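Heads up, the thing below is written out as C-alpha cells.
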Amino acid sequence: MLQRGYSIHTQKYIESFSSHIEKLEQKEMVAIQRKKGEVQELQSAFINTTPYKGKEAEVTTYLLKEKQLHGDRAFSALYKVEGKVVGGIGLLEN
C-alpha cells in the first residue's frame, strides 16, 4: 500500500527489500567522488557509481517500520541523482 507524502519510486524501491517507511529522518547532498574509499563504500551500497561520478546525490534517510530482532531501529538511506533513485543502503541503530 502506498503511503502519502512519499514518491511511488521511493516506496517501491524500499519495498523491494521487504521494508516500509515509518518516517523521513534526514536529507543531505553529497558529491559522488573518485576517491577509492568513498566509491568502494557506495558500490557496496547497491550503487553503480560509474555513470554518476562528479555529480551530486541527494541522500534521504528513512526510519523503517521494521525493527531488528532485539527491537532496535532500522533505517534506509536512498541515493537519488537528478531525481532518480540510483541505489540505497540499509542502516542499523546498533
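This one's a predicted model, so the numbers in the text were calculated from it and none came from an experiment.
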Problem set entry | Inter-residue atom distance S76.OG - L91.CG, 0.5 Å rounding | 7.5 Å

For this session: Taking the side chain as every heavy atom from C-beta outward, state whether T10 and T60 have any pair of such atoms under 4.5 Å apart.
Result: no

For this session: Output the distance between atom CD (E58) and atom CG (L78), rounded to the nearest 0.5 Å.
Result: 9.5 Å

For this session: Check whether any side-chain heavy atom of K12 lies under 4.5 Å from a side-chain heavy atom of V85, and answer yes or no.
Result: no

For this session: Using modelled atom types only, decide if a donor and an acceptor are shared between the side chain of Y13 and the backbone of G88 within a distance under 3.5 Å.
Result: yes

For this session: Kindly indicate whether the side chain of Q11, heavy atoms from C-beta on, has any atom under 4.5 Å from the side chain of Y62.
Result: no

Exercise. How many angstroms lie between CZ in F17 and CD in E66, if you round to the nearest 0.5 Å?
Worked result: 13.0 Å

Exercise. Say you draw a straight line from CD1 of I14 to CG of L64; how long is it, rounded to the nearest 0.5 Å?
Worked result: 6.0 Å

For this session: Please tell me if the side chains of K67 and R73 come closer than 4.5 Å, counting only heavy atoms from C-beta onward.
Result: yes

Exercise. What closest approach, in Å, do K27 and L24 show between heavy atoms, and which atom pair accounts for it?
Worked result: CE-CD1, 3.8 Å

For this session: For L63 and A74, work out which heavy atoms get closest and say how close.
Result: CD1-O, 3.6 Å

Problem set entry | Closest non-hydrogen atom pair, A57 against V81 | CB-CG2, 3.9 Å

